[in-house]
Amino acid sequence: MLRMSTLFLRTLREDPADAEVPSHRLLVRAGYVRRVAPGIYTWLPLGVRVLERVARVVRQEMDRMGGQEVLFPALLPREAYEKSGRWTEYGDNLFRLKDRKGGDYLLGPTHEEMFTTLVKGEYSSYKDLPVVLYQVQTKYRDEARPRAGVLRGREFVMKDSYSFDLDDEGLRVSYAKHRDAYIRTFDRLGMDYRIVAAVSGAMGGSASEEFLAVSPTGEDTFVSCTSCDYAANTEAVQVGAAAAQDPADHPAMQVLDTPDTPTIATLVADLRGKGHDVGPERTLKNVVVKLRHPDGRIEPLVVGVPGDREIDLKRLEANVSPAEVLPFEAADFASTPALVKGYIGPQVLADAKIRFLVDPLVVPGSAWVTGANEPGKHAVNVVSGRDFTPVGTVPAAEVRDGDPCPRCGSGLRIDRGIEIGHIFQLGRKYTDAFSLDVLGREGKPVRVTMGSYGIGVSRAVAAIAEQAHDDKGLVWPRSVSPVDVHVVRVGKFDTEGVAERIATELEERGLEVLLDDRGGSPGVAFKDAELLGVPTILVVGKALADGLVELRDRAAGTSRTLPVEEAVAAVLAEVRG
RNA sequence: CGGGGCGUAGCGUAGUGGCUAGCGCGCCUGCUUUGGGAGCAGGAGACCGCGGGUUCGAGUCCCGCCGCCCCGACCA
């Protein structure tokens with residue numbers, strides 16, 4: 001039994017000055033964590049309990065789906081990471097250190113290399129597969145900017161698992177099992193989350209989904225359909241496009257003098273003055289960037305998006321991956337006379353041998369107002385497929401609330417989320433790097449394929465806190481509450497030690513109990529109980545004179561009184577649902 | 001790395017160049033109090049981030065450094 005009189009806990013009456021987001025504020029105020037360095041936190045007794053309870057749910061679901069737990073060191077030699085290329089690829093985000101002999105070590109940011117070499121060392125037959133191994137481990141990433149308390153730390157607890165399969169079909173099965181296990185896990189943790197399609201990344205073609213806890217403090221932006229179950233990271237979303245139009249429906253292209261109109265807003269105003277009533281959505285904004293391809297080649301690229309939308313560089317980059325997007329600078333304009341800054345139009349790009357891609361919103365046959373490739377001049381009725389022909393399409397425009405869902409056409413909505421899980425069909429990147437083969441049925445070596453799956457355990461604690469709090473404090477879901485019940489003894493009414501007896505009996509019946517036996521003023525006890533956030537609070541106080549106690553529901557904010565002798569049964573019923 | 005803000009006791013904070021750096025919370029002692037962060041009395045606790053400078057005098061002004069928080073860049 002935890003007793004408030006001796007529990008290592010100091011709650012704060014005021015918000016810590018350096019905490020802004022609710023989870024950070026409340027976890028510090030309620031005495032769950034303390035900061036040691038940026039992105040590095042100490043877990044105090046109540047915090048450890050929540051962390052352990054989250055980890056317990058994660059382990060149970062991993063075990064249920066057939067995973068086997070192992071534990072790697074966090075301190076790792078350079079060798080394996082050198083072999084995979086990540087010793088350098090990981091850049092400044094990797095904590096590197098040396099031992100006394102000058103040997104290079106690192107603090108593991110993730111363990112693909114270690115799991116791959118472990119399996120390679122132990123297994124060598126197709127009969128051994130599939131296998132799923134996992135660990136719950138402390139990871140280290142020297143983030144450029146840790147933020148929001150434990151939400152984005154440099155040291156954090158993560159469950160990472162890896163599946164090893166003989167072929168792509170096996171990988172799909174392992175992936176599906178993880179997906180189910182994650183759904184069960186996050187359901188049990190009482191989280192409001194979405195599974196969103198993620199960018200497949202440089203590996204190409206690999207399925208990847210993120211589990212996002214819906215929260216305004218989240219760092220990821222995602223869209224979800226208001227009527228079907230489509231959801232995607234904004235970078236990965238494919239917005240439904242309108243139907244193609246007939247170029248013949250539009251009048252001939254016409255060039256107009258539009259002096260001093262380098263921006264969409266100035267252009268629209270100028271055209272209105274000339275009697276052309278076109279809104280920004282009818283203009284074509286042509287943004288120039290440079291692409292750097294993996295082979296080092298750099299090429300200019302012009303991307304056309306409707307003028308009422310910003311270009312989403314992250315989305316563009318995700319869709320031109322593995323090429324990188326670089327800004328097109330003044331010097332680049334100087335060396336490319338075909339591109340007139342502020343007045344770029346696609347009409348001349350083919351002749352200038354500059355690649356032109358359009359966002360799918362720029363449908364074939366549609367007419368636009370766009371630059372005439374001369375300072376101070378724009379052209380109207382510039383028709384796609386007649387006056388210019390894009391090389392192809394690339395999703396690059398910012399996605400907006402209400403854009404059509406690619407699956408059902410209903411409106412999409414935009415929300416933010418905290419990435420609490422990521423499942424990824426990794427493929428053979430690491431098994432190739434480490435030549436992980438097993439002997440197949442035919443006696444020939446088969447290259448193993450991998451999946452990689454993560455759950456941010458410590459981040460989940462913060463994400464739950466983000467979702468489960470009110471103005472009084474935390475409101476833990478039962479599955480992760482530091483204890484099952486918080487027994488509060490207030491005032492001098494309990495001369496018989498009733499609170500103590502009830503707490504003991506609850507513990508004997510298998511519950512974890514926190515007893516506030518401090519005997520201070522009732523206000524303090526009540527405020528602390530609300531701040532700590534245990535979902536069930538049993539108050540033993542003045543109603544005891546009538547043989548009654550009070551059972552409170554922290555989440556609902558309700559309470560009911562009941563006879564003392566029914567207290568234990570009522571709490572048990574409450575906790576065990 | 002760019003932009004912004006801030007460093008005063010465990011926490012939150014006040015402090016025109018001029019008394020011994022103030023207040024609230026928390027902490028300690030005693031008495032009172034006990035259903036919504038109690039009252040009274042007494043106490044402990046500060047290298048005012050660090051270094052240099054200006055000045056008769058610096059928490060306060062100047063220069064440099066360090067650290068922290070927020071926004072952005074970054075984040076298999």
Side-chain angles (χ1 to χ4, degrees), chain A residues 9-21 24-25 28-31 34-40 81 84-86 89-94 108-113 139-149 151-154 156 158 160 162 198-204 206 208 210 217 219-220 235 313-314 317 321-322 324-327 419 422-427 429-430 433 450-454 456 459 472-473 488-495 516 518-531 537 539-545 548-550 552 559 561:
Chain A
L9 170 74
R10 192 108 302 160
T11 58
L12 305 177
R13 195 182 290 218
E14 282 154 307
D15 284 334
D18 60 357
E20 304 232 331
V21 304
H24 187 196
R25 245 176 31 228
V28 172
R29 258 194 76 195
R34 288 290 182 262
R35 195 189 74 92
V36 170
I40 303 178
Y81 288 75
S84 69
R86 289 210 289 190
E89 263 174 34
Y90 231 95
D92 289 338
N93 271 15
L94 193 64
T110 172
H111 284 70
E112 278 82 358
E113 286 84 350
K139 305 287 192 207
Y140 297 86
R141 294 182 194 174
D142 195 359
E143 298 283 353
R145 191 159 86 82
R147 61 176 290 271
L151 215 42
R152 180 173 205 79
R154 295 192 293 169
F156 55 96
M158 178 167 159
D160 52 325
Y162 305 87
V199 184
S200 47
M203 257 60 84
S206 318
S208 170
E210 290 172 357
T217 47
E219 295 179 278
D220 292 278
E235 290 108 72
L313 286 174
K314 277 188 167 178
E317 183 146 34
S321 173
E324 285 177 81
V325 174
L326 305 175
E419 184 184 346
H422 194 167
I423 53 178
F424 188 31
Q425 292 187 22
L426 191 54
K429 174 170 177 174
Y430 293 92
M450 276 174 78
S452 137
Y453 319 87
R459 177 181 283 180
K472 298 187 179 75
V488 177
R489 172 168 68 77
V490 291
K492 285 195 161 165
F493 310 107
D494 182 13
T495 50
D516 191 343
R518 292 175 296 182
S521 76
V524 173
F526 292 143
K527 292 287 186 197
D528 274 345
E530 282 152 357
L531 181 59
I537 300 164
V539 181
V540 181
K542 82 178 169 191
L544 207 53
L548 300 173
V549 293
E550 183 185 339
R552 295 188 178 182
S559 77
T561 52

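Naming convention: chains lettered A, B, ... in sequence-line order (proteins, then strands); numbering from 1 in each chain. Note that this is a predicted model, so its numbers are computed, not measured.
- Separation of atoms CG (A:Asp160) and NE2 (A:His422) is listed at 13.5 Å; rounding is to 0.5 Å.
- Every residue meeting the side chain to side chain donor-acceptor pair (under 3.5 Å) condition with A:Glu219, not counting sequence neighbours, appears here in chain and number order: A:Arg152.
- Between A:Glu20 atom CD and B:rC69 atom C1' the separation is 7 Å, expressed in whole Å.
- For the pair A:Arg552 and A:Phe526, the cation sits on the ring face: its NZ or CZ lies under 6.0 Å from the ring centre, inside 45° of the axis.
- Looking at heavy-atom distances under 4.0 Å, A:Ala525 makes no contact with the nucleic acid at all.
- Of the P atoms belonging to B:rC19 and B:rU29, the separation is 35 Å, rounded to the nearest Å.
- For the P atoms, the distance linking B:rC23 with B:rG67 amounts to 34 Å, nearest Å.
- Here the C1' atom of nucleotide B:rC71 and the CG atom of A:Leu151 are 16 Å apart, to the nearest Å.
- Atom-to-atom, NZ of A:Lys429 to P of B:rA76 comes out at 10 Å; the value is rounded to the nearest Å.
- Nucleotides B:rC69 and B:rG42 are separated by 39 Å at their C1' atoms, to the nearest Å.
- Using a 4.0 Å heavy-atom distance criterion, A:Met450 is classed as making no nucleic acid contact.
- The residue A:Arg489 sits apart from the nucleic acid: no heavy atom pair falls under 4.0 Å.
- If you measure from atom CG of A:Leu531 to atom P of B:rG36, you get 19 Å, rounded to the nearest angstrom.
- Here the straight-line distance linking atom OG of A:Ser452 with atom NE2 of A:His111 works out to 12.5 Å at 0.5 Å rounding.
- A:Glu219 comes within 4.0 angstrom of nothing in the nucleic acid, heavy atoms only.
- Closest of all the heavy-atom pairs between A:Val488 and A:Ala529 is CG2-CB, 4.2 Å.
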Sort me out a list of protein N/O and nucleotides 1-5 of chain B N/O pairs below 3.5 Å, or just none if empty.
none

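- Note: CG (A:Asp18) to P (B:rC68) measures 11 Å, nearest angstrom.
- Of the candidates B:rU34, B:rA76, B:rA38, the closest approach to any side-chain atom of A:Ser521 belongs to B:rA38.
- A:Arg552 comes within 4.0 angstrom of a nucleotide base, judged by non-hydrogen atoms across all strands.
- Spacing between atom CZ of A:Phe526 and atom P of B:rG37 amounts to 10 Å, rounded to whole angstrom units.
- Side-chain atoms of A:Arg29 do not come within 3.5 Å of backbone N or O of A:Asp15 as any donor-acceptor pair.
- Using a 4.0 Å heavy-atom distance criterion, A:Glu419 is classed as making no nucleic acid contact.
- A search for side chain to side chain donor-acceptor pair (under 3.5 Å) contacts involving A:Arg86 returns A:Glu112, A:Glu113, A:Tyr430, not counting sequence neighbours.
- A donor-acceptor pair is defined here as one N or O able to donate and one able to accept, closer than 3.5 Å; such a pair exists between the side chain of A:Arg459 and the backbone of A:Glu419.
- Remark: the separation of the C1' atoms in B:rG49 and B:rU60 is 16 Å, to the nearest Å.
- Using a 4.5 Å cut-off on side-chain heavy atoms (C-beta onward), A:Glu550 and A:Val540 make no contact.
- Distance from the side chain of A:Lys527 is smallest to B:rG37 among B:rG35, B:rU13, B:rG37.
- The separation of B:rA21 from B:rC63, taken at their P atoms, amounts to 27 Å, rounded to a whole angstrom.
- The gap from the C1' atom of B:rG26 to that of B:rA44 amounts to 13 Å, rounded to the nearest Å.
- Regarding A:Asp160, its CG atom lies at a distance of 15 Å from the P atom of B:rA76, rounded to whole Å.
- Among the heavy atoms of the strands, none lies under 4.0 Å from A:Gly454.
- Between atom OH of residue A:Tyr453 and atom OH of residue A:Tyr162 there is a gap of 11.0 Å, rounded to the nearest 0.5 Å.
- Among the atoms of the strands shown, none is found under 4.0 Å from any heavy atom of A:Ala37.
- Residue A:Pro38 is classed as a sugar-phosphate contact, given heavy-atom separations below 4.0 Å to backbone atoms only.
- With B:rU34, B:rC11, B:rC71 as the choices, the nucleotide that has an atom nearest any side-chain atom of A:Arg147 turns out to be B:rC71.
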Applying the Watson-Crick and G-U criteria (both distances under 3.5 angstrom) with [ ] for crossing and | for other-strand pairs, one obtains for RNA chain B (((((((..((((....[...)))).((((((.....)))))).....(((((..]....))))))))))))....
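- Between the CZ atom of A:Arg518 and the P atom of B:rU34 there is a distance of 18 Å, rounded to whole Å.
- Here A:Asp516 contributes atom CG and A:Ile537 contributes atom CD1; the two are 10.5 Å apart, rounded to the nearest 0.5 Å.
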Review item, nucleotides 26-30 of chain B N/O atoms under 3.5 Å of protein N/O:
from: B:rG26; atom 1: OP1; to: A:Arg13; atom 2: NH2; distance (Å): 3.1

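- At a cut-off of 3.5 angstrom, the base of B:rG10 holds no donor-acceptor pair with the side chain of A:Arg29.
- The structure places CG of A:Asp142 at 11.5 Å from OH of A:Tyr90, a figure rounded to the nearest 0.5 Å.
- On the P atoms, B:rG2 is 28 Å away from B:rG12, given to the nearest whole Å.
- Formation of a donor-acceptor pair under 3.5 Å by the A:Arg34 side chain with backbone atoms of A:Val28 is found in this model.
- Sorted by first and then second residue, the salt bridge (Lys or Arg N to Asp or Glu O under 4.0 Å) pairs involving residues 520-531 of chain A (not counting sequence neighbours) are A:Arg518-A:Asp528.
- In this structure, A:Asp15 reaches the sugar-phosphate backbone alone: every heavy-atom distance under 4.0 Å involves primed, P, OP1 or OP2 atoms, never a base.
- Residue A:Glu530 places a side-chain atom within donor-acceptor reach of the base of B:rG36, judged by atom type and a 3.5 Å distance cut-off alone.
- The side chain of A:Asp528 sits closest to B:rG37 out of B:rA76, B:rC69, B:rG37.
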